[in-house]
Each structure stands twice: as structure tokens, then as C-alpha cells.
2 protein chains.
Amino acid sequence: MVGLASSIERRNGVSLWRQIADRILQGIANGDFAENAALPAEMVLAERYGVNRHTVRSAIAALVQEGVLRAEQGRGTFVLSRKRLSYPIGARTRFSTGLQGQTSERHIALLSSSTEPASRRIAEALGIAKGAAVIRLETRGEADGHPVSRATTWFDAKRFAGVDRAMAETGSITASLKRFGINDYLRQSTVLSARHADADDLAALDLQPGAIVLVTVAVNVTLDGEPIQFAESRFPAERVELRLSAGD
Amino acid sequence: MVGLASSIERRNGVSLWRQIADRILQGIANGDFAENAALPAEMVLAERYGVNRHTVRSAIAALVQEGVLRAEQGRGTFVLSRKRLSYPIGARTRFSTGLQGQTSERHIALLSSSTEPASRRIAEALGIAKGAAVIRLETRGEADGHPVSRATTWFDAKRFAGVDRAMAETGSITASLKRFGINDYLRQSTVLSARHADADDLAALDLQPGAIVLVTVAVNVTLDGEPIQFAESRFPAERVELRLSAGD
DNA sequence: AAAATTTGTATATTGATATAGACAACTATA
DNA sequence: TATAGTTGTCTATATCAATATACAAATTTT
């Protein structure tokens with residue numbers, strides 16, 4: 001955003017307080033509302049957005065609940081939280097190295113894993129027969145203790161037997177693939193979309209209902225171009241932006 | 001989406017009917033609901049989502065209004081619309097060539113233009129002094145008569161005087177830049193986010209309120225690395241996906 | 001100390017959202 | 001033709017969302 005005026009829409013299925021909460025979050029991410037500084041007074045915000053003060057209060061209450069703001073009677077309402085993380089995506093997209101410099105600690109937590117027959121879409125992406133066994137990993141990326149991504153990943157079960165255990169032990173895709181003799185890999189394709197977070201996303205990413213997630217669907221390949229991994233990742237749009245790196 | 005179960009959330013600021021409408025749109029984009037085929041009956045959908053039949057009807061009514069579905073009394077409700085357009089983004093991102101093969105006609109319409117002093121952010125991106133004059137173009141990308149993008153673009157006014165007229169005449173950024181001796185250019189950086197559409201987006205992109213837009217902020221440079229263009233583009237997430245092309 | 005500013009609480013009213021049940025209108029099929 | 005299945009309409013009720021007004025409580029400024 002570059003300071004384009006955007007207004008509040010009524011009777012669209014999204015309540016005014018949620019729209020205003022979204023815009024305050026945006027404002028924080030964009031630096032319009034500085035960290036640790038006071039937000040404009042409720043009456044001021046109400047006038048700015050053209051709504052009642054109580055509607056602004058509902059928005060603020062949601063963000064206080066979410067841990068983004070802190071309200072103090074008589075003093076004001078203060079911004080607690082940070083700018084958006086900037087997650088780089090390119091040919092050598094790696095979870096951990098991508099967030100270096102922005103966070104002090106990060107890892108991937110394995111939530112669950114299972115083996116299932118490949119759907120048509122996954123089989124095509126991995127270059128195996130439809131219905132062949134694939135290992136499915138449900139993971140959450142965490143940085144400084146906060147969830148920043150929620151991914152579902154598929155591997156050919158024949159070639160990568162035990163990758164689930166490797167993930168649980170190492171907390172890293174890159175490290176896990178090393179155990180299978182893959183020292184380097186490239187991202188072949190990424191498709192990007194956005195939608196409202198579903199119940200699973202809300203729980204795993206610690207989001208408030210109504211939040212938006214960025215969705216990437218990606219295929220990773222060996223240096224020879226052999227597909228090894230198919231993944232769908234969800235990123236909370238209010239906390240993460242994706243930075244597309246050209247060559248690498 | 002790859003068939004992950006996701007449920008409906010209550011009292012989150014997003015009404016149930018809008019959430020269900022979103023999921024039906026998703027289902028169409030994913031191919032879960034085939035084109036021209038009948039949707040499951042209202043009672044079936046109501047049971048599936050755990051809501052009243054009338055709530056499903058509200059969602060369907062919104063999508064009928066939007067031109068995505070057609071309801072016929074006694075017969076069923078049918079899917080009208082197509083899959084999402086896939087818009088490629090890479091080093092040589094071009095509006096027109098990117099959608100070749102998916103659409104038969106496309107061009108960029110110039111909605112308005114103005115000259116203004118550069119904000120800090122734009123000045124930094126373009127490598128000019130803060131406050132220096134920049135030309136701002138408001139454009140809409142159209143394919144087969146449907147709006148697919150809404151962009152705000154800035155050029156250094158000194159170097160690109162008359163670029164607004166060139167855009168109006170050619171309907172193409174690439175063709176306009178040729179008039180200034182720029183036969184090729186590269187995308188230096190792209191930052192990606194998502195948010196609810198604002199009033200301007202809704203009108204320009206012919207969206208229903210509550211829709212989500214993908215937002216890209218990009219800088220284009222000459223082959224020598226000299227910045228020439230700064231742009232923020234909005235894409236309707238329900239109709240467009242972004243495909244990241246690795247090298248090119 | 002007083003005044004002004006700010007967040008917190010309370011009550012009342014209106015419209016949108018969601019549920020429930022019943023039945024009409026239309027279509028396809030047994 | 002009769003029946004089952006579908007969308008369309010209607011009435012009623014409860015809850016959520018938003019507005020309006022007033023005042024309390026805490027803090028900062030005058």
C-alpha cells in the first residue's frame with residue numbers, strides 16, 4: 001500500500017469492526033501507526049472511518065485480544081507488535097535461511113504425518129502413478145515462537161520412506177532431504193493465491209477468525225529436474241509478506 | 001487447495017453466507033464443482049456446512065448476482081464461470097504476453113493520470129529526490145472484456161513526460177516505454193500481500209464487497225539496473241492466481 | 001486543583017444475520 | 001399421472017452488528 005485511500009464497505013458480509021481491525025493491522029504493517037506509539041483516539045478513528053465510536057471499540061477489542069494492541073484507560077491505545085515478516089520466494093526457497101536476519105530462531109514443527117494414495121494432481125506433480133503411496137506431512141513454520149506458516153507436503157513414499165521421522169528430528173526440510181542424498185534442490189514452480197483462513201489455519205496460525213491467508217502451491221525438484229516434493233503453504237497475510245527474488 | 005477439510009467459523013466478523021460463498025468460489029476454481037454442472041442441492045450444502053438452508057441461499061444469491069451461478073427453480077443451481085486466470089510473474093513480467101493462450105484479447109485501460117510530488121517510498125524506489133515530480137497512472141487490465149487487474153503506477157516525470165498520453169494511445173506499458181528508447185526492461189523486485197478489496201477495487205474490478213485482492217508492489221528497471229517504474233497492482237483473488245516463473 | 005482528554009460501562013433502538021418451519025412452484029422421473 | 005426432488009416465498013424468532021446518548025474512571029495538561 002502506498003497510501004491510497006480505501007473506504008469501509010457496508011452490508012457486504014464482512015462486519016465493519018472486522019474491516020476496521022484489518023485496516024489498523026495494515027496500518028501497523030505499513031508503518032502508518034508506529035510501534036509503541038499511541039493510536040489516534042477512538043473518536044478520531046470513528047470520524048476517520050465514518051462509523052460510531054463503539055464500532056471502533058469492537059475492532060480495537062479484537063486486536064487487544066489478539067495481542068496487537070494494549071488499551072489503557074485515560075491514556076490511550078498502544079501498538080505492541082512488529083512489522084510483517086518478509087518471506088523470500090525464489091529458485092532456492094528455504095524456510096530457515098529465508099528469515100535469517102529478521103528472526104533469531106526458526107524451525108518447522110511436524111504436526112502430523114500419514115501415508116495415502118496420490119491424488120491425480122499430486123501424482124502429476126511428482127511424476128508418479130495416480131494412487132501410488134505418498135507421505136503427507138502437516139507442518140507449521142515458527143519464528144521466535146510465533147507461527148508464520150502452515151504447510152501440507154507430499155513426498156513419494158517409495159523414494160522417501162522415513163522422511164516423516166527425519167522431519168520430526170531435524171525440524172528442517174533441507175536437512176531431511178540430505179538423508180536421502182539430496183544436497184541441493186530447486187523450486188520448479190510456485191502458484192499463488194489468497195483466501196479467508198479456514199478453521200485449521202486459524203488454530204495452527206493463531207489467527208482471529210476472518211483473517212486472510214496467502215497460499216502457495218509449489219513443486220521442488222532436484223538439480224536434474226526430477227520432482228521430489230509437492231507442497232501447499234499458507235501464510236497469515238497480516239503478519240507475512242512474500243518477497244519474490246528474481247534469480248535466486 | 002488440495003482437498004483439505006475446512007469448516008465455517010461463527011461470530012468472527014465475517015458472515016456465514018459470505019464464508020460459504022467464498023468456499024463455493026474456491027470449489028469452482030479448484031474444479032471441485034465442475035463447470036456447467038449442477039451444484040449439490042441447497043439442503044445438502046446446508047448439511048455439509050452445518051448451517052440453515054436459508055444461509056446457503058444467501059450465499060448462492062450473492063454468487064448469482066455476481067454472475068458465477070445460475071439458479072433454476074425445480075432443476076438446480078448451475079456453475080457458469082471459468083477457472084482462474086493464471087498470471088505469470090518473473091523477470092520479464094508483461095501484462096499482455098502473460099495472458100496469451102488463456103484469453104483472446106487483452107489491453108490496459110488508462111483510468112486517470114496526474115502529476116504529484118514523490119513520496120519518500122516512491123522516491124527511494126525510483127532513485128530520485130523526495131518531492132520530485134512523478135507521473136501517476138491509474139490503470140485497469142482487461143482480458144476478454146473482464147477486469148483482471150487494477151494498478152497504480154509511478155514514473156519519473158522528468159524522464160517520462162508524456163507517458164500518460166502514450167499509455168492512453170497504446171494500451172500497453174511495454175509499447176509506451178519504447179517511445180522513450182526503452183526496448184527491454186526487467187522486474188527488479190516484487191513484494192506480495194493480500195487484503196480485503198477497498199471501495200475503489202470493488203468498483204474497478206467489478207467485485208462483490210468482501211472480496212480479497214492479491215497485491216503486488218514492484219519495481220521495473222532497465223537492463224542497466226536503472227529504476228524506471230514503481231507499481232502497485234491489485235488482482236481479484238477469486239479470478240486470478242499468480243504463477244511465479246523462476247528464471248524468466 | 002481544575003479542566004480537558006481518553007478509555008470503560010451502561011442502556012436503548014434499529015437493521016442485518018441466522019435459524020426454524022411450512023408451503024408454493026417448477027422439473028424430472030418412476 | 002403421480003411422486004420425489006428441487007428452488008422460491010412467506011412468517012416468526014433470536015442473536016449479532018451498528019448507532020445514539022449519557023456518564024464513570026483514569027490520566028494528562030492547564
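Order of the sequence lines fixes the chain letters, A, B, ..., with proteins taken first and strands second; residue numbering starts at 1 for each chain.
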Starting at atom [atom1] of [X], determine the distance to atom [atom2] of [N], rounded to an integer number of angstrom.
X     : N      : atom1 : atom2 : value
A/L69 : C/dT7  : CG    : C1'   : 13 Å
A/E72 : C/dT6  : CD    : P     : 15 Å
B/R18 : D/dA17 : CZ    : C1'   : 17 Å
A/M43 : D/dT19 : CE    : P     : 12 Å
A/W17 : C/dA16 : CH2   : P     : 19 Å
B/E47 : C/dT19 : CD    : P     : 13 Å
B/F78 : C/dC26 : CZ    : C1'   : 12 Å
A/N52 : D/dA22 : CG    : P     : 13 Å

Phosphate-side-chain proximity, B/T77 and D/dT6, N/O vs OP1/OP2 below 4.0 Å: no
Sidechain-backbone polar pair: A/R234 side chain, A/L205 backbone, donor-acceptor under 3.5 Å: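 Between the backbone of A/L205 and the side chain of A/R234 there is no qualifying donor-acceptor contact (under 3.5 Å).
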Backbone of B/A204 reached by a side-chain donor or acceptor of B/R140 within 3.5 Å: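 At least one qualifying donor-acceptor pair exists.
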Side-chain heavy atoms of A/L85 within contact of A/E241, under 4.5 Å: no
By salt bridge (Lys or Arg N to Asp or Glu O under 4.0 Å) - contacts of A/R53 (at least two apart): A/E42
Donor-acceptor pair (no angle test) under 3.5 Å: A/R53 side chain, C/dG8 base: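 Result: at least one qualifying N/O pair found.
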Would you please name every residue forming a side-chain contact (heavy atoms from CB on, under 4.5 Å) with [X], sequence neighbours left out?
X      : result
B/D144 : B/T103, B/S104, B/E105
B/A41  : B/V44
B/S149 : B/F95, B/F235

Proximity to DNA chain D (any heavy atom under 4.0 Å), residues of residues 54-61 of chain B only: B/H54, B/R57
A/E142 side, atom CD; A/I108 side, atom CD1 - distance, nearest 0.5 Å: 10.0 Å
Give each protein N/O atom lying under 3.5 Å from an N/O atom of nucleotides 25-27 of chain D, with the pair distance.
residue : atom : partner : partner atom : Å
D/dA25  : O4'  : A/Q73   : OE1          : 3.3
D/dA25  : N3   : A/Q73   : OE1          : 2.9

Polar side chain donor-acceptor pair, B/W154 to B/E116, under 3.5 angstrom: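 Yes, B/E116 and B/W154 have a side-chain donor paired with an acceptor closer than 3.5 Å.
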